[in-house]
Amino acid sequence: MRLDYLTIFPDYLAPLQLSLPGKAVASGLLDVHVHDLRQWTHDRHRTVDDTPYGGGAGMVLKPEPFGEAFDELGLEGATVVVTTPSGEPFTQALAHELATRERLVFACGRYEGIDQRVLDHARTVTEVREVSIGDYVLNGGEVAALAITEAVVRLLPGFMGNAASLVEESHEGGLLEHPVYTKPASWRGHDVPPVLLSGDHGAIAAWRHDQAVRRTAERRPDLAHPSQVLDGIEVRLAQ
Ligand SMILES: Nc1cc(-c2ccc3ccn(Cc4ccccn4)c3c2)[nH]n1
C-alpha cells in the first residue's frame with residue numbers, strides 16, 4: 001500500500017517514519033510519502049490560506065495548492081481521505097474497507113478547513129472519503145490521519161506478526177475486548193481470575209465472552225446487541 005500525506009505541518013507526521021515498523025516499509029508492504037503543501041505554492045510568502053467567502057472567523061486552505069499536488073501525485077487508483085470533524089465516523093469496518101485500497105492520499109486540513117471545491121474536484125476523478133475520528137474538534141487533520149493510518153495498516157496481511165491477535169479485538173464483531181492479565185498471578189493483593197489459570201479452554205473462552213458482553217453492555221450500550229446473552233439471561237436493551 002502506498003500512503004501519501006498532504007499537510008502544512010509535515011513534521012507532525014514524522015512519527016509515521018518511526019511508528020510503522022521499518023520492516024513493513026523495507027519489505028515494500030508500505031510506501032509512505034509525506035508532502036509539504038507549500039511545495040505547491042508560488043508566491044514569496046508561500047501562501048496556503050485565505051479568508052472565508054461569506055465572512056466568519058479564521059482562514060480557509062486555498063484550493064490551488066491541493067489541486068496542483070493532486071495533479072503531480074496523480075490520483076489514479078487512489079482513495080483520497082480527508083479528515084474533518086464533519087466526516088463519516090471512522091469505525092473498524094471503515095478501517096477494513098480502507099485496508100483493501102492500493103493507495104490512500106490523506107489531505108490534512110488546518111484552520112477552518114479545506115476549500116470544498118478541492119474535494120468536489122477530486123470526486124470527479126476518484127473516491128473521496130471525508131472521515132471523522134470522533135465527536136470532538138482537533139486543530140487539524142494530522143492526528144486523525146495518524147490514527148486512521150495505524151488502524152488501517154495493522155490490518156494489512158503480513159503487517160502484524162501474530163495475525164491471531166487481530167481476531168479477538170475490541171470492536172471486531174461488535175463487542176469490546178475482555179480484560180487481559182499476565183504474570184504474576186497475584187500482585188499487590190489482586191489475583192488473576194482463577195478460570196484463566198485453569199487450563200480449561202472452553203471455560204476460559206466462555207468467561208472472556210461473558211466479560212466482553214458485560215463490558216459492552218455497561219460501557220457501550222450503543223454497540224450492545226439485544227441478542228447478547230449475559231449470565232444465561234437474554235439481555236434485552238432498550239432500542
Ligand atoms: N474528528 C476530528 C477531525 C478533526 C479535524 C480534522 C481536520 C481539520 C482541519 C481543521 N480543523 C479544525 C477545525 C475547527 C473547526 C471546524 C473545522 N475544523 C480540523 C479538525 N477534528 N476532529
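In this text, all values refer to a predicted model and were calculated from it rather than measured experimentally. First listed ligand is number 1; within each ligand, the first listed atom is number 1.
- Contact residues of ligand 1 (protein heavy atom closer than 4.0 angstrom to a ligand atom; sorted by chain and number): Thr83, Thr84, Pro85, Gly109, Arg110, Tyr111, Glu112, Ser132, Ile133, Gly134, Tyr136, Val137, Leu138, Asn139, Gly140, Gly141.
- Cluster note: Val192 groups with Tyr181, Val195, Leu196, Leu197, Ile204, Trp207 through ILVMFWY side-chain heavy atoms spaced under 4.5 Å, whether in direct contact or through intervening members.
- Residues Arg103 and Glu76 are not paired through a salt bridge, judged by the lack of any N-O separation under 4.0 Å between the basic side chain and the carboxylate.
- In this pair, Phe66 and Phe70 present their aromatic rings tilted. The plane angle is within the 30 to 60° band.
- Other residues, nucleotides and ligands contribute at most 12 non-hydrogen atoms within 6.0 Å of the CG atom of Asp135.
- Sparse packing is recorded around OH of Tyr12, with 12 or fewer heavy atoms of other residues, nucleotides or ligands lying under 6.0 Å away.
- Under a 3.5 Å cut-off, the side chain of Thr41 and the backbone N or O of Asp43 do not form any donor-acceptor pair.
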